[in-house]
Structures are given as structure tokens and as C-alpha cells.
Amino acid sequence: MSGHDASGLDNSVVEAVRSALDEVMGLTFEEEMLDQSLADTGIDSLDLIEMVMVLEESLGISTSESDFDGVTTLRGAVDVIERHRASVA
């Protein structure tokens, strides 16, 4: 069973985001990045789509691009992913 970190997020999802950021963007994840705008972290919409594809594969979930409409932070993306994981659990 996965735990939650100090930010209240599922540790396994945060670790998957950490890995996807490194793989797709070459960025090192820092917790304060969760609440920065995607633009401030250098992530554009195409980068987000690529990261989501990596996350889907690593977490065994399936989402649609529309699920991420309006997502402006990594925390928002993590929230969408956590909802999908909960719906298939």
C-alpha cells in the first residue's frame, strides 16, 4: 500500500512524476515545483502530453487529453492521475 508525503500526495505518483520529469524534460523534481505554474517550470502543453504518456505507462492507467484541460500545475496533473488510479482500484 502506498503512503502519502507531506504534501498529501500519493508517494508512488510523486515518484512517477519525478521520473517522468527527468525522462521527458531532464528536470530534477523539487517539491515546490508542485504548485508552480507549468510555464514557470518550463513545461509546455506538448511536454505535459509526453509526461502523461510516460506516467500512464509507468502507473498502468489510461487517461485522455481532456482530463488535463485546465491543469496549470504539476499538483493539478498529479490530482488527475490520483483520481484515475482511485477509479480503477
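Sequence neighbours left out, not one pair with a member in residues 48-66 passes salt bridge (Lys or Arg N to Asp or Glu O under 4.0 Å).
The side-chain hydrogen bond (donor to acceptor under 3.5 Å, both in side chains) test applied to R83 returns no partner, not counting sequence neighbours. Under the side-chain hydrogen bond (donor to acceptor under 3.5 Å, both in side chains) criterion, S66 pairs with S64, sequence neighbours left out. Qualifying salt bridge (Lys or Arg N to Asp or Glu O under 4.0 Å) partners for D79, counting only residues two or more places apart in sequence or in other chains: none. Listed by chain and number, the residues in a side-chain hydrogen bond (donor to acceptor under 3.5 Å, both in side chains) with D44 amount to none (sequence neighbours excluded).
Nearest heavy-atom pair across G42 and D47 is O-OD2, 3.5 Å. Scanning all heavy atoms of the two residues, the minimum distance from L38 to V71 falls at CD1-O, 3.8 Å. Contact between D67 and V80 at its shortest, heavy atoms only, is O-CG2, 3.5 Å. Heavy-atom minimum distance, T73 versus D35: CG2-O, 3.8 Å.
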Would you list the atom pairs, donor with acceptor, under 3.5 Å between side chains in residues 17-26 and any protein atom, with sequence neighbours excluded?
residue: R18; atom: NE; partner: E15; partner atom: OE1; Å: 3.4
residue: R18; atom: NE; partner: E15; partner atom: OE2; Å: 3.2
residue: R18; atom: NH2; partner: E15; partner atom: OE2; Å: 3.4

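Considering CE of M53 and OG1 of T63, their distance stands at 10.5 Å, rounded to 0.5 Å. Note that the CD1 atom of I81 and the CE atom of M51 stand 7.5 Å from one another [nearest 0.5 Å]. Taking CG of L48 as the reference point, atom OG1 of T72 lies at 10.5 Å (rounded to 0.5 Å). The distance from atom CZ of R85 to atom CD of E82, rounded to the nearest 0.5 Å, is 8.0 Å. To the nearest 0.5 Å, atoms CZ (F29) and OG1 (T41) are separated by 10.5 Å.
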Would M33 and L27 count as a side chain to side chain contact (heavy atoms under 4.5 Å, CB included) if you check the C-alpha gap in whole Å, the side-chain angles of each, and the deciding distance to 0.1 Å? CA-CA 10 Å; M33 293 172 80; L27 293 175; 4.2 Å; yes

